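Model, not experiment: these values are computed from the prediction.
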Amino acid sequence: MTTHHAPGPLDAPSRPAPPAHTGPGEPDPVRSLAGPGAPGALYAGPGLSGDTAAGSASGTGDSPAQGSGGPGTAAPPGGDPVKALMHRHRELCARAVDPLEIAAALEAHGMTDRTAAHFRHRDVFSLAEEMYARVPRHSSDRSAPPASAHAVPEPVAGAAAGPSRLLTLVLLPALPGALCAGLLAGLAQAPPGRARTLAVVAGVLAVLSAVQLCLRHGPLRSPRPAGVAVRLATLWLLGYAVLGDGLLDAAVRGGPDRLWPVDTATALGLALAMWPAVLCARLFTGGARRRLARSRGLGEFAAATRPLLLASLTCYLAALAGLLTLAGAALGAFPPLAGAGALGALLLLARLLLVHGHRATPTVALATAAGVELAVLCSVLASRLPGCGFLAVPAETLIEVCGAEAVPTLACAVAAFVLLGRAVPALSRASAHTDPGTR
């Protein structure tokens with residue numbers, strides 16, 4: 001992102017038409033965003049009074065000449081709403097290194113282009129440009145601005161960046177797949193018994209620990225730990241993908257009276273897919289930050305980010321389908337691609353939303369998908385009680401027509417589509433790719 005140039009026309013905007021009248025009973029956007037009773041003095045940074053700030057602004061050209069009708073002239077009736085807005089966001093205005101950082105923060109606080117019209121601007125970005133221009137800055141600040149939270153990071157010199165990137169993008173994402181493949185190869189040679197059971201438990205714990213390491217480091221790292229509901233729902237969805245279809249099919253037939261089949265191909269494919277998940281998350285996050293650094297407005301950034309998100313998700317699904325096919329060919333049992341693909345899309349979208357500060361929507365989506373699977377399984381088992389045979393009719397009908405894999409496919413696919421509808425607008429906002437403190 002280029003630094004802001006010397007004051008120009010944007011620093012002294014002409015006065016546009018008065019804002020639309022707010023109807024009776026509607027909240028005043030100026031009062032709600034600027035805060036009730038906010039002072040009208042121009043914020044001048046720490047240590048400067050309002051009079052000093054006004055003189056500094058006029059001396060540097062940030063305040064237009066008399067008669068220009070700009071924000072530095074006499075306040076219109078009711079005061080200057082931009083001054084009140086700047087007072088409320090004075091810390092943001094003081095540390096911002098470009099107008100887009102202010103625009104992203106205003107967007108995160110719920111301001112839209114329609115709301116910006118009440119501040120006498122056509123959109124949020126033009127309002128942010130005026131707020132940025134009206135904050136006095138020293139010449140040293142203009143010549144060497146601090147690093148922006150959304151600026152593209154400069155390459156790190158030396159050998160420290162290489163091993164770190166190699167670890168987070170190559171070695172750690174490949175660890176779950178390698179451990180899962182080793183576990184399955186060892187179980188194929190191990191005789192039945194207690195030692196085999198202990199090996200299965202140890203291997204599953206090792207794979208889950210490797211997945212947790214991938215989620216704590218690299219592009220899939222969330223700024224805040226995931227909640228208990230997210231963890232439990234994710235574990236259930238993964239466990240059902242490996243064990244659920246066989247258990248449900250056996251329960252419909254009156255069992256299980258013995259150990260049901262385990263979908264090892266799906267387990268291996270999902271473990272191997274951690275690598276493309278990390279790479280696609282890196283592709284999306286890095287591309288979004290580069291577009292944020294080059295964008296001249298929030299609308300331009302959103303239009304460039306939406307195709308990037310869809311392309312990253314498509315690349316991941318293609319890689320997941322290939323890995324599932326490869327795992328099925330190696331193990332001689334082809335997994336259901338639709339169900340595993342829907343689960344993979346759901347987990348990746350949920351993680352991307354968590355990484356960028358959205359917690360409620362992925363929690364609800366994951367919990368809902370897990371709840372549907374649990375409810376179907378419980379309804380089949382509860383139908384064995386006297387007078388409760390009707391509980392299993394919907395599940396039995398669906399399984400008879402589409403097979404047992406239709407239950408997780410529908411549950412995860414519907415949740416993934418709902419999550420995609422939420423992720424596209426949420427992850428195309430500039431505020432999702434800035435400092436979490438400004439969200």
I need the minimum non-hydrogen distance between Gly387 and Phe390, along with the two atoms involved.
O-CE2, 3.4 Å

Tell me, which pairs form a side-chain hydrogen bond (donor to acceptor under 3.5 Å, both in side chains) where one or both residues lie in residues 202-227, sequence neighbours left out?
none

Hey, could you give me the OG1/CG distance between Thr361 and Leu349, rounded to the nearest 0.5 Å?
11.5 Å

Nearest 0.5 angstrom please: Leu320 CG to Leu337 CG, how far?
8.5 Å

Please round to the nearest 0.5 Å and tell me the distance separating atom CG of Leu346 and atom CG of Leu237.
6.5 Å

State, yes or no, whether a side-chain contact exists between Leu171 and Leu175 at a heavy-atom distance under 4.5 Å.
no

Keeping to residues at least two apart or across chains, list the ring pair (Phe, Tyr, Trp, His ring centres under 6.0 Å) pairs with something in residues 272-291.
Phe284-His356, Phe284-His433

When rounded to the nearest 0.5 angstrom, what distance separates CG in Leu353 from CG in Leu366?
10.0 Å

Less than 4.5 Å apart, any side-chain heavy atom of Leu324 and any of Phe334?
no

Arg194: which residues meet the side-chain hydrogen bond (donor to acceptor under 3.5 Å, both in side chains) condition with it, sequence neighbours left out?
none

Non-hydrogen atoms of Ala304 and Arg291 that approach each other most closely:
O-NE, 3.3 Å

Table please: side-chain donor-acceptor pairs of residues 373-385 below 3.5 Å, with sequence neighbours left out.
{"unit_1": "Glu373", "atom_1": "OE1", "unit_2": "Trp236", "atom_2": "NE1", "d": "3.2"}
{"unit_1": "Ser379", "atom_1": "OG", "unit_2": "Ala375", "atom_2": "O", "d": "3.3"}
{"unit_1": "Ser379", "atom_1": "OG", "unit_2": "Val376", "atom_2": "O", "d": "2.6"}
{"unit_1": "Ser383", "atom_1": "OG", "unit_2": "Val380", "atom_2": "O", "d": "2.6"}
{"unit_1": "Arg384", "atom_1": "NH1", "unit_2": "Gly255", "atom_2": "O", "d": "3.2"}
{"unit_1": "Arg384", "atom_1": "NH2", "unit_2": "Ala251", "atom_2": "O", "d": "3.1"}
{"unit_1": "Arg384", "atom_1": "NH2", "unit_2": "Gly255", "atom_2": "O", "d": "2.2"}

Please identify each residue that fulfils side-chain contact (heavy atoms from CB on, under 4.5 Å) with Leu317, with sequence neighbours left out.
Leu313, Ala345

Here the side-chain hydrogen bond (donor to acceptor under 3.5 Å, both in side chains) pairs for residues 311-335, sequence neighbours left out, are none

Hey, are the side chains of Pro219 and Leu283 touching, using non-hydrogen atoms and a 4.5 Å cut-off?
no

Measuring only between side-chain heavy atoms, which start at C-beta, is Trp260 closer than 4.5 Å to Asp249?
no

Residues two or more places apart in sequence or in another chain: which of them pass side-chain contact (heavy atoms from CB on, under 4.5 Å) with Thr264?
Leu184, Val262, Leu331

When every non-hydrogen atom of Met274 is compared with those of Pro176, the smallest separation belongs to CG-CG, 4.1 Å

Where do Val170 and Val278 land on the side chain to side chain contact (heavy atoms under 4.5 Å, CB included) test, with the steps shown first?
CA-CA 9 Å; Val170 179; Val278 170; over 6 Å; no

Please tabulate, for side-chain N and O atoms in residues 395-424, each donor-acceptor pair with protein atoms closer than 3.5 Å (sequence neighbours left out).
{"unit_1": "Thr397", "atom_1": "OG1", "unit_2": "Val393", "atom_2": "O", "d": "2.8"}
{"unit_1": "Thr409", "atom_1": "OG1", "unit_2": "Gly339", "atom_2": "N", "d": "3.3"}
{"unit_1": "Thr409", "atom_1": "OG1", "unit_2": "Glu405", "atom_2": "O", "d": "2.7"}

So which heavy atom on Val355 is nearest to which on Pro223, and how close?
O-CD, 3.1 Å

Can you measure from CZ (Arg290) to OG1 (Thr285) and round to the nearest 0.5 angstrom?
10.0 Å

All side-chain hydrogen bond (donor to acceptor under 3.5 Å, both in side chains) counterparts of Asp245, not counting sequence neighbours
none

Which residues pass the side-chain contact (heavy atoms from CB on, under 4.5 Å) test with Leu205, sequence neighbours left out?
Val201

Do you know the tightest heavy-atom contact between Ala210 and Leu179?
CB-CD1, 3.9 Å

For Leu187, is there any backbone N or O sitting under 3.5 Å from a side-chain donor or acceptor partner on Arg196?
yes

Closest non-hydrogen atom pair, Ala277 against Leu220
O-CD2, 4.4 Å

Which residues satisfy the side-chain contact (heavy atoms from CB on, under 4.5 Å) test with Cys315, sequence neighbours excluded?
Cys280

Would you say Thr305's side chain and Ala302's backbone share a donor-acceptor pair under 3.5 angstrom?
no

The side-chain hydrogen bond (donor to acceptor under 3.5 Å, both in side chains) partners of Thr266 (sequence neighbours excluded) come to Asp263

